[in-house]
Structure formats: C-alpha cells, structure tokens
Protein chains: 2
Amino acid sequence: MPDSTSHTVVAVVLQVRQGRLVPIVRRVDRGPAEPLETALARAIDVAALAHVEQLETRVLRDGTLATAYLGLVPADADAPDETDDLAPDESELVTAAHARLRAKLSYTNVAFALAPETFTISELREIYVPALGHDVSATNLQRVLVRRGVLARVEGRRAPGRTGGRPAALYRFASRRLEITDEFAALRPPGSRATG
Amino acid sequence: MPDSTSHTVVAVVLQVRQGRLVPIVRRVDRGPAEPLETALARAIDVAALAHVEQLETRVLRDGTLATAYLGLVPADADAPDETDDLAPDESELVTAAHARLRAKLSYTNVAFALAPETFTISELREIYVPALGHDVSATNLQRVLVRRGVLARVEGRRAPGRTGGRPAALYRFASRRLEITDEFAALRPPGSRATG
DNA sequence: CCAAAAGTGTTGAATGTACACCCATGG
DNA sequence: CCATGGGTGTACATTCAACACTTTTGG
C-alpha cells in the first residue's frame, strides 16, 4: 500500500526510432522538500533531453500522487531502451504526452528536440511523420518551416545513396529553444502582420 | 513550517468584470487519498465554473507542493470577491492562468466560459478585449467566430440604448464544452480541408 | 539515357485584417 | 435629420496543400 502522502515524479520520454515514436517511462519518489526538477533528474538523464515540460499531475490507480513530465530526445542520441510493459497509468500518460507533442508540432518549433543537429528535409520528414501520426509531404514541410524561419540552411549537401538522386541540402533548426511560431491562429493584435 | 509531505490545491478563477479580468484565488490542503477534483471542489464552488483545467504543479516558496487549476466564470455569474493581496506564488499562478487563457482564446471556443448564455457581438468584444489583453474589432471577431461555427444566432435582438443605434443581433456559443476550432495551424493531415 | 531523389513554380482555396459603406434606432 | 451603434461588402494579404515540373545524381 503506497503512502498516500508521497509524491512520484514520472518522466515520459519520447524519441523517434526507425519510423516509430518510442516511449521511455521512469518514475521516482520525490524526497521531502525536494524540488520537482531534482526528482526528475534522478528519474532520467535530463542533460540528454533536448526539451522538457510538465505534463500533468494526477492520482494514480494505486492512490499515489504523480506529476508527469514530457521529455524529448533527438533521434540520433543514445537513450534508454523502450519501456514496453506499460502500466495502464503509464500508458495514459504516454498518450497524453504524444497528444501534447502532436499539437505543439504544428505551431511551435518543438521538432528541434526530436531532430539531429543537422538533417535533410527527408530525414526531418521521417521524424515528423511518426510524431504527428499522419503523413506529411517533404515539399510542404520544407515550405512551411523555411517560410516561418524555423529552419536555416547549413553549408554543404548530403551525397545521394547508391540509387542516385539529387544531393539533399542540409538544414538545422534556427533556434533550439521552444518557440511559438504561430502565436495567434486568429484574433491577432491590430496592426501586427507577419514580421517578415 | 509546512509539512513537506502535504499537497495543496489552488483554484485560480478568472472572470471579466467591468472591462477587467479579475482573479479569485483559493487554496485548500488535499486530504490523504483525496482525489484532486474533490479538493478543488472544497476550494471553490466548481458548479459555478463554466470551465476548469489543470494549470501546473510546483513547489511554492514555503516548500508546499501545490497543484493549480484554472477556472472560468461567465461575466454575468455571481462569484466571490476579487482576491487582491496576492502572495508572489499566487501572483505567478494568476499570470500563468491568464497566459493559458489568452493562448486558448485564439484557437478554441473557451470564451463560452467567460460569456453569458446569450450576448451581442459588442458584449462579447468587451469580454475578449480584457481576456486577450489587446484590442479586437467587433467586425473581425464576428467574422472569425461565425465562420468557424463557434457562434450561432439566437432569436431576437437587443434594443438600443438611450443614444440610439441599430438593435444588435443576439448570439450564443454553439457548444459550451471546450473545442479546438483550429486544430492544425499547419501540417494538416493530407486531404483534410476545412469541413465547411 | 533512365530511374530515383530533391527541390522549385504555380495554382487554387481558405482564412484573416482593414476599411468603406449601409442599416436601424433614439432624440 | 443627425448622431450613434450595428452589420455587411469588398479588397487585399497571408498561408497552405496539391501537384506539375525541373534539377542533379548513380548506374
């Protein structure tokens, strides 16, 4: 029987691996007077997370109070093995984490936290597709992200594979901190057109 | 000295009054094994809240663990007096609540929770302006919300005041449950144009 | 020269903002 | 008949999805 006064911190980390969004879940009890971030850092290697945000706090089925965090790791980074036997509570948190990520992908630059330092547009597409849960064309992905100034060109190109094809341009995220790229879907303040 | 194992639930309620977004803050300690919603209900009359959502969990300056909720009350509803002497922690939570509200106003129908059952467009504008923190024209507000199907016409018109003017049409929110009206700012799934 | 992959041009639709103008009422 | 507030029409900018077409490579 868990102590009803205890507090658990749950790290829900997502990483794209081989075309799939993979969950890694870790939990620790928060010590008395311990900051949330410290407990989180005991649960997972926070330095490896390119982005972290708090997800939600709920009472788990066993009565434990739990605060969940969403963490994102670049596809090319080393990360712990996928957590496969998820408890129902954990499974719900993973779903919530994925929903949060999916929503933010369309109006922020969060994808920087899932992508390597530099990449081609097709490589980036292979990250967006599992993260969004639906298909995206490389053409439109490039257009939208370049127009918004989210992506910046990087010197050089990626040589084509054995099957040929034009060499791909390399890009990086202009910023690697979370930014809102489309602040108002509507109801913008008067006289605030796109900053060009 | 607060018990470091205790858990406080903070209700941050916002209501528009006389052109201002007014905060009401209440806190209660969550009892052992008590669900979060139950504690919240002890803090504030939840039935009076047209919308509630969890805001964030943090350790307060005095070491207490606190989970904050954002609540919204229609402008015409009775509600407790404004909480004026806000502690720094509370003040930060109010800021966070306002920020969350502002963001959601532009891509959801949350405003239903701040508006009376029926209203004219100018009345609605007087709610949006303080809630958004910037000016909005009644013209565009009407256009955007009607086009999105967020607002529906209601039988009848509001008679003009002493100074004359054309009688105003009455509207209501088509739904009074939170709905995302602009799900994807970009990167929509293929073949998913506006449902018209 | 052909297939493959990357990238650009272009079109059409949707959505928003700004602003001019028309409508209905009180005095 | 004029001031006031309400509402519509229209023009214009922005943004995006879709798709045709061009570019650059390997074999």
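For clarity, every value in this text was computed on a predicted model and none was experimentally measured. Lettering follows sequence order; numbering is per chain, from 1.
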Integer-rounded Å distance: [N] [atom2] and [X] [atom1]:
{"X": "Arg147(B)", "N": "dG7(D)", "atom1": "CZ", "atom2": "C1'", "value": "15 Å"}
{"X": "Ile121(B)", "N": "dT4(D)", "atom1": "CD1", "atom2": "C1'", "value": "18 Å"}
{"X": "Tyr107(A)", "N": "dT15(C)", "atom1": "OH", "atom2": "P", "value": "20 Å"}
{"X": "Leu124(B)", "N": "dG6(D)", "atom1": "CG", "atom2": "P", "value": "13 Å"}
{"X": "Leu141(A)", "N": "dT15(D)", "atom1": "CG", "atom2": "C1'", "value": "15 Å"}
{"X": "His134(A)", "N": "dA17(D)", "atom1": "NE2", "atom2": "P", "value": "8 Å"}
{"X": "Arg125(A)", "N": "dG7(C)", "atom1": "CZ", "atom2": "C1'", "value": "15 Å"}
{"X": "Glu126(B)", "N": "dG5(D)", "atom1": "CD", "atom2": "P", "value": "11 Å"}

Does either side chain, that of [X] or that of [Y], offer a donor lying less than 3.5 Å from an acceptor on the other one?
{"X": "Thr8(A)", "Y": "Asp29(A)", "result": "yes"}
{"X": "Glu179(A)", "Y": "Ser175(A)", "result": "yes"}
{"X": "Arg20(B)", "Y": "Gln18(B)", "result": "no"}
{"X": "Thr181(B)", "Y": "Arg148(B)", "result": "yes"}

Looking only at side-chain N and O atoms, does Gln142(B) come under 4.0 Å of OP1 or OP2 in dG6(D)?
->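 No.
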Does OP1 or OP2 of dC19(C) have a side-chain N or O of Ser137(B) closer than 4.0 Å?
->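 The answer is no; no side-chain N or O of Ser137(B) sits under 4.0 Å from OP1 or OP2.
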To which residues is Val154(B) joined in a hydrophobic cluster, defined by side-chain heavy-atom contacts under 4.5 Å among Ile, Leu, Val, Met, Phe, Trp and Tyr, whether direct or through other members?
->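 Leu170(B), which link up through side-chain heavy atoms under 4.5 Å apart, make up the rest of the cluster.
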Which ones in residues 150-164 of chain B lie close to DNA chain C, meaning a heavy atom under 4.0 Å from one of its atoms?
->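 Of all residues in residues 150-164 of chain B, the ones placing a heavy atom under 4.0 Å from DNA chain C are Pro160(B), Gly161(B), Arg162(B), Gly164(B).
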Would you check if the side chain of Ser106(B) reaches a backbone N or O of Arg102(B) as a donor-acceptor pair within less than 3.5 Å?
->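 Side chain of Ser106(B) to backbone of Arg102(B): no pair is present.
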Check whether any side-chain N or O of Thr108(A) sits under 3.5 Å from a backbone N or O of Lys104(A) as a donor-acceptor pair, and report yes or no.
-> yes
Output the single nucleotide from dC16(D), dG7(D), dA6(C) whose closest atom is nearest the side chain of Ala168(A).
->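 That would be dA6(C).
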Between dG16(C), dG7(D), dT25(C), which nucleotide has the shortest distance from any of its atoms to the side chain of Val144(B)?
->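 Selected nucleotide (nearest to the side chain): dG16(C).
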Output one line per pair: protein atom, nucleotide atom from nucleotides 19-23 of chain D, and distance, for all N/O pairs under 3.5 Å.
residue : atom : partner   : partner atom : Å
dT23(D) : O2   : Arg166(A) : NH1          : 3.3

Greater than 12 external heavy atoms within 6.0 Å of Arg61(A)'s CZ =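 Enclosed: over 12 neighbouring heavy atoms sit under 6.0 Å from CZ of Arg61(A).
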Pair Phe119(A) + Phe112(A): ring centers closer than 6.0 Å = no
Report which part of the nucleic acid Arg148(B) touches: base, sugar-phosphate, or nothing (heavy-atom distance under 4.0 Å, all strands).
->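 Contact class for Arg148(B): sugar-phosphate only.
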Classify the nucleic acid contact of Ala138(A) as base, sugar-phosphate or nothing, counting any heavy atom under 4.0 Å across all strands shown.
-> nothing
